[in-house]
Each structure stands twice: as structure tokens, then as C-alpha cells.
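Start at 1 and go down the list; that is how both ligands and their atoms are numbered. Computed from a predicted model, the values in this text were never measured in an experiment.
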Amino acid sequence: MSDISALFKGVIFDLDGVIVHTDTLHYKAWKSVADRLSIPFDEEVNDRLRGVSRGESLEIILEQSKRRYDGAQKERLCTEKNGIYVDSLASLSALDVAAEVSDTLKLLKGAGLKLAVGSSSKNAKTILSRIGLADFFDAVSDGTNIQRTKPDPEVFLKAAAMIGLKPSECAVVEDAAAGIEAAINGGFTAIAIGGAAASNGARFNIKSLSELQKIILK
Ligand code: BG6
Ligand code: MG
């Protein structure tokens, strides 16, 4: 533990759109499915998909559809989207993590904070591995260990338990409105990054991860 004192003992990071730009890959994959089905889909609808599960994302997209889909058809559409998405992850590498992101992560870790991932994605571990951060975080709580998606706080509560901290001891960094709500619901300090998560009751709003330094470290 270094002698730098911090406001928190731990930080839980959302993955897609916070650590790495996979939010744009989710968008492209859903866009390709929506275009094939002639369902209107744009960045505004996409912002509502941030932080929510694959199945719930599809439900939001289908709100704009004239036809109805049964359970089996929805399952196939989720599989189709995930196939396109996973293919697009193949080219990800450590180069996709911005320098200010990796510098900030290293700085916080060096200051003795526990760092965890709290992501709704079932592909989180694949992504962490591709970007060279598989062993960096103290814990990963993701779509494979939760029953309820954000804005339910489950994914963050599990992450906090994995690093042995109480919600009041952790900050959560999120780019999704649903993620900010989840953090607040769970009793965490919410830090919003980017436009989609702003104005949703977060204690802090930042534009880039490097701003965490002045919020978290004293
Ligand atoms: C979240 C994304 O991190 O993961 C959502 O913000 C996505 O857009 C969700 O729907 C689930 O991801 P996956 O990889 O399990 O389909
Ligand atoms: Mg996100």
C-alpha cells in the first residue's frame, strides 16, 4: 500500500464504453441486425442499451418494430447479434486501451486501491483477455454471475463482495444511465463518464478517465 490517501478503498469499473470502446462494437452489431429487419435504430436508441443485458437490449430495439417476434425468434436474433459482436472482438488488442485509461488504472492500483470490473456482458472475460487486462483486476463480476441486469445493483454488489469492501467504500465508474442508477441503488458513489450517463444523479461527471485521479486520490 502506498502512502497516497484515497477517498475510496476500491473502484468498480464498467467495461464496455469505460475501459474500452466495445460500446461502438455492440452498436454496430445491433445496427446490422436492425437494418436487416428494417427496424429504425440510431445512437439515441443505442444509448438505452448501455448497461442492459443482451435480451433486454433486443426488447428495446423491437419497440420500434411493426412485427412481433416469439421467444425462439428473439433467441435467434440475440445469437445473431452476439455472433457479429464476437467476430468484431477478434481484432481487439492492448492497443485498444487508451493510454490515459491504462495510466489511470495503474495509478489507482499503485495507490493501493482494489480495482474490479462490474459489467453486464457475458463476453467481459474474453474482452479483458484480448486487451491484456485478464489478470489486472482484483475481481471481475459480469453477465455470467448475475441474475438481474443494471439498474439492479447485483453486479456491483457482487464485485464489492469479491474485493471484500462495502458499497460505501467503493466508487463505480459508468457510461450507462442504467449503470449510474444501479450504483446509486447499491449505495455506491457513482461517477458518470460521457454523455449517456450524465445528468442521471451521479455524484461526479467526467469526460475522460484521467479525471479520476483528482476525484479519488487526495
Ligand atoms: C453491457 C453493454 O456492458 O453488456 C450492453 O453496455 C450489452 O450494451 C451488455 O447489451 C451485454 O453484453 P453481452 O456481451 O453479454 O451481449
Ligand atoms: Mg458501459
Side-chain angles (χ1 to χ4, degrees), residues 11-34 41-63 74-90 92 96-98 101 105 116-131 133 137 140-156 158-159 171-184 186 188 190-198 200 202 205-209 212:
V11 186
I12 303 171
F13 293 88
D14 173 51
L15 179 66
D16 298 316
V18 172
I19 301 292
V20 64
H21 60 84
T22 38
D23 53 329
T24 61
L25 303 179
H26 277 294
Y27 172 72
K28 283 181 188 158
W30 278 127
K31 177 79 179 143
S32 133
V33 174
F41 179 64
D42 57 19
E43 294 280 358
E44 205 178 314
V45 177
N46 186 60
D47 278 344
R48 293 175 55 211
L49 312 186
R50 290 177 190 270
V52 307
S53 68
R54 199 178 306 161
E56 287 181 46
S57 296
L58 177 65
E59 295 294 345
I60 292 168
I61 290 168
L62 293 182
E63 287 171 10
K74 287 179 185 174
E75 194 64 43
R76 280 198 292 278
L77 292 175
C78 282
T79 303
E80 177 185 346
K81 181 268 176 175
N82 194 51
I84 299 167
Y85 178 64
V86 168
D87 283 350
S88 72
L89 298 178
L92 272 191
D96 289 286
V97 182
V101 172
L105 291 175
V117 167
S119 165
S120 303
S121 175
K122 293 190 165 130
N123 293 297
K125 293 199 176 88
T126 307
I127 293 166
L128 288 168
S129 176
R130 292 218 63 91
I131 60 177
L133 293 177
F137 291 94
V140 176
S141 174
D142 63 18
T144 64
N145 65 256
I146 52 168
Q147 304 297 318
R148 297 172 300 280
T149 195
K150 299 167 188 174
D152 190 285
E154 183 182 13
V155 74
F156 296 137
K158 291 214 162 129
V172 165
V173 186
E174 259 292 351
D175 71 320
I180 293 299
E181 209 181 319
I184 294 169
F188 298 87
I191 302 178
I193 184 162
N200 208 40
N205 287 280
I206 59 175
K207 290 198 171 67
S208 87
L209 220 66
L212 284 183

Under 3.5 Å, N or O to N or O, is [X] touching ligand 1 that way?
X: D16; answer: yes
X: N82; answer: no
X: K122; answer: yes
X: R50; answer: no

- Message: Which label fits Y85 and H26: parallel for a plane angle under 30°, tilted from 30 to 60°, or perpendicular past 60°?
- Response: parallel

Less than 4.5 Å apart, side chain to side chain, heavy atoms only: is that true for [X] and [Y]?
X: L133; Y: L105; answer: yes
X: F137; Y: L15; answer: no
X: D16; Y: S121; answer: yes

Minimum-distance N/O/S atom that [X] presents toward the Mg ion (ligand 2):
X: D175; answer: OD1
X: D14; answer: OD2
X: D16; answer: O

Can you check whether [Y]'s main-chain N or O pairs, donor with acceptor, with [X]'s side chain at less than 3.5 Å?
X: S53; Y: T149; value: no
X: S32; Y: K28; value: no
X: N145; Y: D142; value: yes
X: T22; Y: L25; value: no

Nearest-contact summary for [atom] - protein heavy atom, Å:
atom: atom 7 (C) of ligand 1; result: V52 O, 3.2 Å
atom: atom 16 (O) of ligand 1; result: R54 NE, 2.7 Å
atom: atom 8 (O) of ligand 1; result: L49 O, 3.0 Å
atom: atom 6 (O) of ligand 1; result: G51 N, 2.8 Å
atom: atom 13 (P) of ligand 1; result: S121 OG, 3.4 Å

When you look for heavy atoms under 4.0 Å from ligand 1, do you find them on the side chain of [X], its backbone, both, or neither?
X: S53; value: backbone
X: S57; value: side chain
X: D23; value: neither

- Message: Under the criterion salt bridge (Lys or Arg N to Asp or Glu O under 4.0 Å), I'd like the reasoning laid out for D14 against R50: C-alpha separation, chi angles, the key distance, then a yes or no.
- Response: CA-CA 10 Å; D14 173 51; R50 290 177 190 270; over 6 Å; no

- Query: Hey, is the Mg ion (ligand 2) within less than 2.8 Å of some N/O/S atom on E174?
  - Reply: no

- Any N/O/S atom, backbone or side chain, of D23 lying under 2.8 Å from the Mg ion (ligand 2)? no

- Task: Using a strict 4.0 Å cut-off to heavy atoms of N123, name the atoms of ligand 1 that fall inside it.
- Result: 13 (P), 14 (O)

- Message: Can you tell whether the side chains of E80 and R76 come within less than 4.0 Å, N to carboxylate O?
- Response: no

- Please confirm whether L15 comes under 4.0 Å of ligand 1, counting heavy atoms of the residue only. no

- Item | Least distance between heavy atoms, S120 atom then I146 atom | CA-CD1, 4.5 Å

- Query: Can you tell which of R48, K74, R54 makes a salt bridge (Lys or Arg N to Asp or Glu O under 4.0 Å) with E59?
  - Reply: K74

